[in-house]
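Nothing here was measured: the structure is a model prediction, and the numbers come from that model.
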Amino acid sequence: MQINFATLSQEFYGVAKQWAESQRFERKLGQILIVPNAEGGIAEVFIGTGRAFDPMAARGLSARLPGGLYRLEVAAQDAELATLAFLLGGYVFDRYKARPDRTPVRLIAPDGVDVAEISRIAAACALAREMVDTPAADMGPLQIETIAREIAESAGAEIAVTTGDALLDDNYPAVHAVGRAAAPHRAPRLIEIGWKLDRTDLPLVALVGKGVVFDTGGLDLKPAAGMRNMKKDMGGSAHALALGRLVMQADLPVRLVVIVAAVENAVSADAFRPGDILNSRKGLTIEIGNTDAEGRLILADALTRAGEHQPDLTLDFATLTGAARIALGPELPPLYTDDEGLAAGLLAAAGQVRDPLWRMPLWPGYRGALDAEIADLRNDPAGWAQAGSVTAALFLQKFAPTTGAWAHMDIFAWNPRARPGYPEGGEAQALRACYAMLKARYAT
C-alpha cells in the first residue's frame with residue numbers, strides 16, 4: 001500500500017478524480033483519502049497537506065490509517081523527516097492502561113533514509129515523553145538517577161551522584177534547599193554524566209536539565225489546577241538525558257557532560273520559606289520571594305557546576321515559567337542566548353527539522369528587577385518588569401558558564417490537546433533542533 005501527499009494545487013485524473021470527488025477529498029491539511037483496490041483492500045492513500053507540503057504531516061498516520069504495511073512516496077529531500085514524523089506519531093504511553101489490540105501500521109522507508117539514525121532520534125524523543133508522562137510517584141529523583149545510570153552504562157560513560165545532605169558537603173546548597181522537604185527516599189540529588197572527558201582535543205558540550213519531579217509550589221502552594229500536571233516539571237531533565245544519550249549513540253566528536261538536578265518541591269516543616277536567604281554554588285546569595293520559583297534555584301547550582309568544566313557550549317532545558325506559555329503558547333518554546341552564532345545555528349536547525357524555537361531577548365533593562373535589598377539577587381523578579389520568562393532567563397544568565405556559548409530553552413514538554421500523532425501528554429521540544437545544531441556545529 002502506498003502513501004502519497006496531496007497539495008491543494010494537485011490535480012487528479014480519471015478514476016482517481018471520481019473517487020476523490022465522491023469522498024469529498026479537498027486536500028486540506030490532515031485530510032485522508034483511502035483508495036480501494038479491486039479486492040476491497042487498500043490500493044493507495046492520499047494525505048492532504050494544504051497549500052504546501054509539510055513532512056510532519058506524516059506524524060498523524062499511525063493513528064489514522066488501518067493496520068498494515070505501507071510504502072511512503074515522498075520527494076527525496078523530505079524522505080528522512082517524513083519517516084521520522086511517522087515514527088514520532090507512533091508513540092503510545094500504555095504503562096497504566098491496556099490498549100485495544102490492533103494490527104500495527106508499519107512503514108517501508110523511502111530509499112536513502114538512514115533508518116538507524118532516524119530510529120535513534122525517535123527513541124530519544126520517546127524517552128523524554130515517557131519520562132514526562134510517568135506520574136511523580138513512579139518518576140522520583142531515584143528513578144531519574146536510575147535512568148541516568150542506564151544511559152551512562154550503555155555508553156561507557158562515567159556517572160557521579162550526590163544525594164541528600166551530601167549536597168551541602170559538596171557545595172550544592174540551592175539544590176539541597178529546594179529538595180530537602182521531600183521524604184527521605186525522594187531526597188534531592190545532583191546527577192552528572194561524563195563522556196570522553198579524557199579527550200582534551202575535543203570541544204566540551206554541557207547539557208543541563210531541571211528535574212523537579214513534582215512541584216507543589218512549596219509553601220507558596222499552587223492552586224489545584226496549577227498543580228495537576230506538575231509531574232511534567234522534570235521535563236528539562238528528561239530532555240537533557242535523552243539528548244545526551246543521542247549524542248553518545250551518534251558518537252559525535254565532542255566531550256560531553258550531562259548535569260541534572262533532581263528534586264521534589266514538597267511541603268514539610270523543613271521546607272525553605274519566603275524570605276529565606278539561600279547560598280549558591282557560585283557564592284551569590286539569593287533572597288526567596290516565592291518558593292514556586294524553585295527551578296531557577298536548582299539550575300543556578302547545576303549551571304555553575306557546568307561552568308567548572310569550561311565548556312565550549314552549554315544548553316539548558318527547563319519547564320521554567322508559565323510566562324513563556326503566555327508569550328508563545330504551548331507549541332513554540334522560547335530560546336534565549338546572547339551568542340549570535342549559536343542563535344543562528346539553533347534557529348536554522350529548528351526550521352530544518354521542523355522542531356520550532358523562537359528567540360526571545362535577554363533584555364538588559366529588566367536586570368534591575370532581580371536586585372534584592374539584603375542579598376545579591378532575588379528569585380522572584382520585581383513586578384514592574386512583567387516579562388516573567390525573560391527575567392527567569394536573566395536570572396540563569398548570572399550562573400551560566402562564561403567560557404563558551406550558552407542557550408536556555410524554556411520548554412513546555414506537553415501537548416495540552418490530543419490530535420492524530422500528538423496525544424495529550426508529554427512532548428519532546430527543542431530536542432531534535434538541538435541535536436541537528438550539534439551535528440552541524442561539530443561535524444565530523
Side-chain angles (χ1 to χ4, degrees), residues 62-63 87-99 120-154 159 161 163 178-179 182-191 193 207-217 222 224-246 258-266 294-295 298 317-320 330 333 409 411-418 421-432:
S62 291
L87 294 178
L88 294 175
Y91 169 82
V92 176
F93 184 66
D94 57 3
R95 178 171 176 175
Y96 303 96
K97 181 179 180 179
R99 305 290 176 176
R120 286 193 295 266
I121 296 171
C125 293
L127 172 62
R129 295 166 76 181
E130 183 176 354
M131 290 179 69
V132 171
D133 276 330
T134 302
D138 295 326
M139 188 56 64
L142 177 59
Q143 285 74 29
I144 291 179
E145 175 188 334
T146 300
I147 291 169
R149 289 190 181 278
E150 292 172 351
I151 290 171
E153 182 179 354
S154 66
I159 184 169
V161 181
T163 306
V178 173
H185 68 286
R186 297 172 70 83
R189 61 206 67 202
L190 194 289
I191 303 164
I193 297 173
L207 307 177
V208 178
K210 171 191 171 184
V212 179
V213 298
F214 194 80
D215 182 17
T216 65
K222 291 179 183 287
M227 207 186 299
R228 173 62 181 84
N229 286 328
M230 282 300 100
K231 67 177 185 178
K232 78 177 188 68
D233 212 20
M234 39 59 65
S237 66
H239 281 65
L241 289 170
L243 179 57
R245 187 179 75 173
L246 194 50
V258 182
I259 299 174
V260 167
V263 304
E264 180 165 17
N265 189 18
E294 84 298 332
I298 65 173
F317 303 84
T319 52
L320 201 63
M409 272 67 64
I411 59 175
F412 193 44
W414 193 259
N415 285 319
R417 64 185 177 105
Y422 299 81
E424 181 180 350
E427 183 56 274
Q429 295 182 317
L431 195 161
R432 294 185 293 110

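Atom CZ of R95 sits about 7.5 Å away from atom CD of E130, to the nearest 0.5 Å. Rounding to the nearest 0.5 Å gives a distance of 10.0 Å between CG of L142 and CD1 of I147. One finds the CE atom of M139 at 8.5 Å from the OG atom of S237 (value rounded to the nearest 0.5 Å). Interatomic distance, F214 CZ to M230 CE, rounded to the nearest 0.5 Å: 7.5 Å. Atom CG of L207 and atom CG of L241 lie 9.0 Å apart (nearest 0.5 Å). Residue M409 holds its CE atom at 12.0 Å from CG of L320, rounded to the nearest 0.5 Å.
Of all non-hydrogen atoms in M227 and T216, the two that sit nearest each other are CE-O, 3.7 Å. Of all heavy-atom pairs spanning L87 and A122, the tightest one is CB-CB, 3.8 Å. V263 approaches P188 most closely through the heavy-atom pair CG1-CB, 3.6 Å. When all heavy atoms are compared, the tightest approach of V258 to G244 is CG2-CA, 4.1 Å. Pairing each heavy atom of R129 with each of P423, the nearest pair is NH2-CD, 3.7 Å. Residue R186 comes nearest to A136 through the heavy atom pair NH2-O, 3.0 Å, listed as atom of the first residue, atom of the second, then distance.
With hydrogens and angles disregarded, a donor-acceptor distance shorter than 3.5 Å links the side chain of K210 to the backbone of T319. Q429 contributes a side-chain N or O that, together with a main-chain N or O of A413, makes up a donor-acceptor pair within less than 3.5 Å. Put simply, the side chain of R245 gets close to the backbone of A123: a donor and an acceptor are under 3.5 Å apart.
Counting heavy atoms from C-beta outward, L88 and Y422 have side chains that stay 4.5 Å or more apart. Between V178 and E264, every side-chain heavy-atom pair lies at or beyond the 4.5 Å cut-off. Contact annotation: the side chain of I191 approaches that of I144 to within less than 4.5 Å [non-hydrogen atoms, C-beta and beyond].
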*Should L127 and I151 be marked as a side chain to side chain contact (heavy atoms under 4.5 Å, CB included) after you check the CA-CA gap, both sets of side-chain angles, and the distance that decides it?*
CA-CA 11 Å; L127 172 62; I151 290 171; 4.1 Å; yes
_Audit row: L243, F317, side chain to side chain contact (heavy atoms under 4.5 Å, CB included) steps and yes/no_ = CA-CA 10 Å; L243 179 57; F317 303 84; 3.7 Å; yes
*Begin from the C-alpha positions of E294 and D233 and carry the test side chain to side chain contact (heavy atoms under 4.5 Å, CB included) through to its verdict.*
CA-CA 11 Å; E294 84 298 332; D233 212 20; 3.3 Å; yes
*Would L431 and L246 count as a side chain to side chain contact (heavy atoms under 4.5 Å, CB included) if you check the C-alpha gap in whole Å, the side-chain angles of each, and the deciding distance to 0.1 Å?*
CA-CA 10 Å; L431 195 161; L246 194 50; 4.2 Å; yes
*asked:* For E424 and N415: C-alpha separation, side-chain torsions, deciding distance, then whether side-chain hydrogen bond (donor to acceptor under 3.5 Å, both in side chains) applies.
replied: CA-CA 5 Å; E424 181 180 350; N415 285 319; over 6 Å; no
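Side-chain contact of D133 with Y96: a donor-acceptor pair under 3.5 Å is absent, judged by distance alone.
Of the residues listed (K222, K232, R228), the one engaging D215 in a salt bridge (charged side-chain N to carboxylate O under 4.0 Å, His left out) is K222, and it is the only one.
One finds no salt bridge joining R149 and E153 here, because no Lys/Arg side-chain nitrogen approaches an Asp/Glu carboxylate oxygen to under 4.0 Å. E145 has a carboxylate O that lies under 4.0 Å from a charged side-chain N of R189, or vice versa, which qualifies the two as a salt bridge.
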